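Worksheet: the structure to be examined is printed underneath.
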Amino acid sequence: MEYISGTPKIFYPGVYENTLAVSAVGREGASMVFASSYSNYGSWIDISAPDTAIMSTIPGGYGGKTGTSMACSIVSGAVALLFSMDQTISFDDVKTLLSDSATDFGEAGYDEKYGHGVINVKALIDNYLVDKELPMPTAAVPDGSVVGAGYYELKELS
């Protein structure tokens with residue numbers, strides 16, 4: 001069951017041209033649904049991300065928090081991964097990579113609740129790394145390491 005009790009009201013800085021607007025998704029059983037009263041929606045949303053029980057700093061330590069601020073931190077972390085691999089990547093390329101790699105939810109294609117879909121970090125990095133050679137680490141790599149010969153490879157850890 002999908003519910004919407006958020007608002008389509010435009011909020012800044014999310015609608016600025018050079019920002020990413022993130023809506024929030026939560027879990028309902030085994031599926032993701034648009035988050036309830038605290039997530040905005042509208043034609044300005046770019047992507048959505050999980051927002052429920054995300055570990056964050058709180059007075060006195062750490063705790064699970066919920067809300068679009070938590071969803072935004074997931075997207076920010078994914079974008080930081082891209083920048084760690086390529087400091088020259090453009091904002092337009094970041095937006096394209098995010099939208100092309102997102103997992104579609106809601107209406108097929110772009111919609112005002114999920115944007116281009118829910119962020120998929122593995123697909124984002126895979127899409128960026130197609131045909132790219134990564135530099136070898138400068139430190140000694142122990143035998144049996146998951147670090148490959150300069151190409152990105154996903155290996156299962158045992």
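Computed from a prediction, not measured in an experiment: that's the story for all the values here.
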Closest non-hydrogen atom pair, Ala71 against Ser23: CB-O, 4.0 Å
Non-hydrogen side-chain atoms of Asp100 and His116 separated by less than 4.5 Å: no
Distance (rounded to the nearest 0.5 Å) between Ile54 CD1 and Ile74 CD1: 4.0 Å
Phe91-Ile119 co-clustered via ILVMFWY side chain contacts under 4.5 Å: yes
Nearest heavy atoms of Lys95 and Glu17, plus distance in Å: NZ-O, 4.3 Å
Heavy-atom check, side chain of Asp111 versus side chain of Tyr41, under 4.5 Å: no
Under 3.5 Å side-chain donor-acceptor pair for Asn120 and Thr103: yes
Closest non-hydrogen atom pair, Gly42 against Tyr110: O-OH, 3.4 Å
Reported OG-to-CG distance for the pair Ser99 and Asp46, which is rounded to 0.5 angstrom: 8.5 Å
Donor-acceptor side-chain pairing of Ser90 and Asp92 below 3.5 angstrom: no
N/O donor-acceptor pair under 3.5 Å between Tyr114 side chain and Glu107 backbone: no
Hydrophobic cluster identity match, Trp44 and Tyr16, side-chain contacts under 4.5 Å: yes
Close side-chain approach of Val75 and Leu20, heavy atoms under 4.5 Å: yes
Side-chain donor/acceptor of Ser48 to backbone N/O of Gly117, under 3.5 Å: yes
Side-chain heavy-atom pair Lys113, Ile45 within 4.5 angstrom cut-off: no
Thr57 and Tyr62, any side-chain heavy atoms less than 4.5 Å apart: yes
Contact check, side chains of Leu97 and Ile89, non-hydrogen atoms, under 4.5 Å: yes
Criterion side-chain contact (heavy atoms from CB on, under 4.5 Å) on Leu82 and Leu98, from CA distance to verdict: CA-CA 10 Å; Leu82 287 175; Leu98 282 168; 5.6 Å; no
Shortest non-hydrogen contact from Asn127 toward Ser101: ND2-CB, 3.4 Å
Shortest non-hydrogen contact from Thr68 toward Ala24: CG2-CB, 3.9 Å
Any side-chain heavy-atom pair of Leu81 and Val121 under 4.5 Å: yes
Pairwise distance CG(Asp51) to OG1(Thr66) - rounded to 0.5 angstrom: 6.0 Å
Shortest non-hydrogen contact from Thr52 toward Gly26: OG1-CA, 3.6 Å
Residue pair Asp86, Tyr128: steps toward the side-chain contact (heavy atoms from CB on, under 4.5 Å) verdict: CA-CA 10 Å; Asp86 181 354; Tyr128 173 75; 2.8 Å; yes
